[in-house]
Undergrad: 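Dropping a structure here in structure tokens format, bear with me for questions.
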Amino acid sequence: MNLLGEPDVRASRRRQWLVALAGVCLMPFIAACANGDRPGPSSVTEAQARQVLKNVISDIADNTTEHFCEKSTVQVESCEYMLDEARAECLSPGAAPKVVKSARVPRKPNRDGGWVLAVEGRTAGGQRYVSHFFVTAPNGTPRASIGIYWTGIGLGDRPSGKWRTVLPQSECLKGART
């Protein structure tokens, strides 16, 4: 909503763009879920994915955009873009989210697999979100694909049924409303 109480079309389009970008960026990693190939085992375990999430939660509080994305993610440029967009919407993470679902993403001959966690939490402003947090290990070390977990980011092809995401609204004008 803008200051006049009307829907904020620009913010809505930005969120739609974020979800679309995330789907496109993550598609090569998750395409194995949609076809009938019989890929080998995942290169990441659920325990490793949960540990990466814990590390990312800690790292996001300690680093600048550039250093966080370089240290914690595989897709550095996508991470930087998504983090900048989250900041433009005044969205920052609140307390650590909880994992509500998880699934293995199988490996294909030309693509690394990984593990996806559906995480639920609240932004620093108190809004609920549900996001898909994808972890992969293209060089042998498990890392977050993008790492921005508090914006309702979703995978374009859900590996385990219909996992819905919940997008928080912009918190930039929250304090300005009366």
Undergrad: Tell me whether Q48 contacts the main-chain N or O of T45 through its side chain, where contact means a donor paired with an acceptor under 3.5 Å.
TA: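 Yes, the answer is positive, given that a donor and an acceptor are paired below the 3.5 Å cut-off.
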Undergrad: Could you give the distance from OG (S58) to CZ (F68), rounded to the nearest 0.5 Å?
TA: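 It comes to 10.0 Å.
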Undergrad: Is there a donor-acceptor contact under 3.5 Å from the side chain of W150 to the main chain of L91?
TA: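 Judged by distance alone, yes, a pair lies under 3.5 Å.
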Undergrad: Within a 6.0 Å radius of atom CD on E77, are there more than 12 heavy atoms belonging to other residues, nucleotides or ligands?
TA: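 Not buried by this count: 12 neighbours or fewer within 6.0 Å.
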Undergrad: Just how far is it from atom CD of E80 to atom NE2 of H67, taken to the nearest 0.5 Å?
TA: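 The CD atom of E80 sits 10.0 Å away from the NE2 atom of H67.
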Undergrad: To the nearest 0.5 angstrom, please state how far the CE atom of M82 sits from the CD atom of Q75.
TA: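 If we round to the nearest 0.5 Å, M82:CE and Q75:CD are 10.0 Å apart.
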Undergrad: A side-chain contact here means heavy atoms from C-beta on lying under 4.5 Å apart; do P93 and I60 qualify?
TA: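 SC-SC contact between P93 and I60 confirmed.
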Undergrad: Is the backbone of G113 close enough, under 3.5 Å, to the side chain of T136 for a donor and an acceptor to pair up by distance?
TA: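 A pair under 3.5 Å: yes.
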Undergrad: Just do the side chain to side chain contact (heavy atoms under 4.5 Å, CB included) check on V99 and K101 with the steps written out, would you?
TA: CA-CA 6 Å; V99 176; K101 293 182 184 179; over 6 Å; no
Undergrad: So which atom in S72 and which in V56 form the shortest heavy-atom distance, rounded to 0.1 Å?
TA: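 Shortest heavy-atom separation between S72 and V56 comes out as CB-CG2, 4.1 Å.
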Undergrad: Of all heavy-atom pairs between I57 and A96, which one has the smallest distance, and what is that distance?
TA: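 Closest pair (atom of I57, atom of A96, distance): CD1-CB, 3.9 Å.
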Undergrad: Out of the candidates I153, L53, I148, I146, only one should pair with F133 under the side-chain contact (heavy atoms from CB on, under 4.5 Å) rule; please name it.
TA: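 Exactly one option meets the side-chain contact (heavy atoms from CB on, under 4.5 Å) with F133, and it is L53.
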Undergrad: Atom CG of L83 and atom OG of S78: how far apart are they, to the nearest 0.5 Å?
TA: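 Result: 12.0 Å between the selected atoms.
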Undergrad: Of all the heavy-atom pairs spanning E120 and V130, show the shortest one and how long it is.
TA: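 For E120 and V130, the tightest heavy-atom pair comes out as CG-CG2, 3.9 Å.
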Undergrad: Can you pull out every salt bridge (Lys or Arg N to Asp or Glu O under 4.0 Å) where at least one residue sits in residues 141-150? Sequence neighbours excluded, please.
TA: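 Applying salt bridge (Lys or Arg N to Asp or Glu O under 4.0 Å) to every pair that reaches into residues 141-150, excluding sequence neighbours, yields nothing.
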Undergrad: To the nearest 0.5 Å, what is the distance between CD (E85) and OG (S170)?
TA: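 Answer rounded to 0.5 Å: 11.0 Å.
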Undergrad: Minimum heavy-atom separation for A144 and V52, please, with both atom names.
TA: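 In terms of heavy atoms, the two residues are closest at N-CG1, 3.5 Å.
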Undergrad: Can you name the nearest heavy-atom pair linking G152 to S131, along with the distance?
TA: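 For G152 versus S131, the nearest heavy atoms are N-OG, 2.8 Å.
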Undergrad: What are the two closest heavy atoms between P97 and V119, and how far apart are they?
TA: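 Here P97 and V119 meet closest at CB-CB, 4.0 Å.
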Undergrad: Please report the interatomic distance NE2(H132) to CG(L117), rounded to the nearest 0.5 Å.
TA: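 Output value for this atom pair is 10.5 Å.
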Undergrad: Is the ring pair Y149/Y129 parallel, tilted or perpendicular, if the boundaries are 30 and 60 degrees?
TA: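 The rings of Y149 and Y129 sit tilted, inter-plane angle from 30° to 60°.
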Undergrad: Without hydrogens or angle criteria, can the side chains of Q127 and Q169 be said to hold a donor-acceptor pair below 3.5 Å?
TA: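 No, because no side-chain N or O of Q127 sits under 3.5 Å from a partner of the opposite role on Q169.
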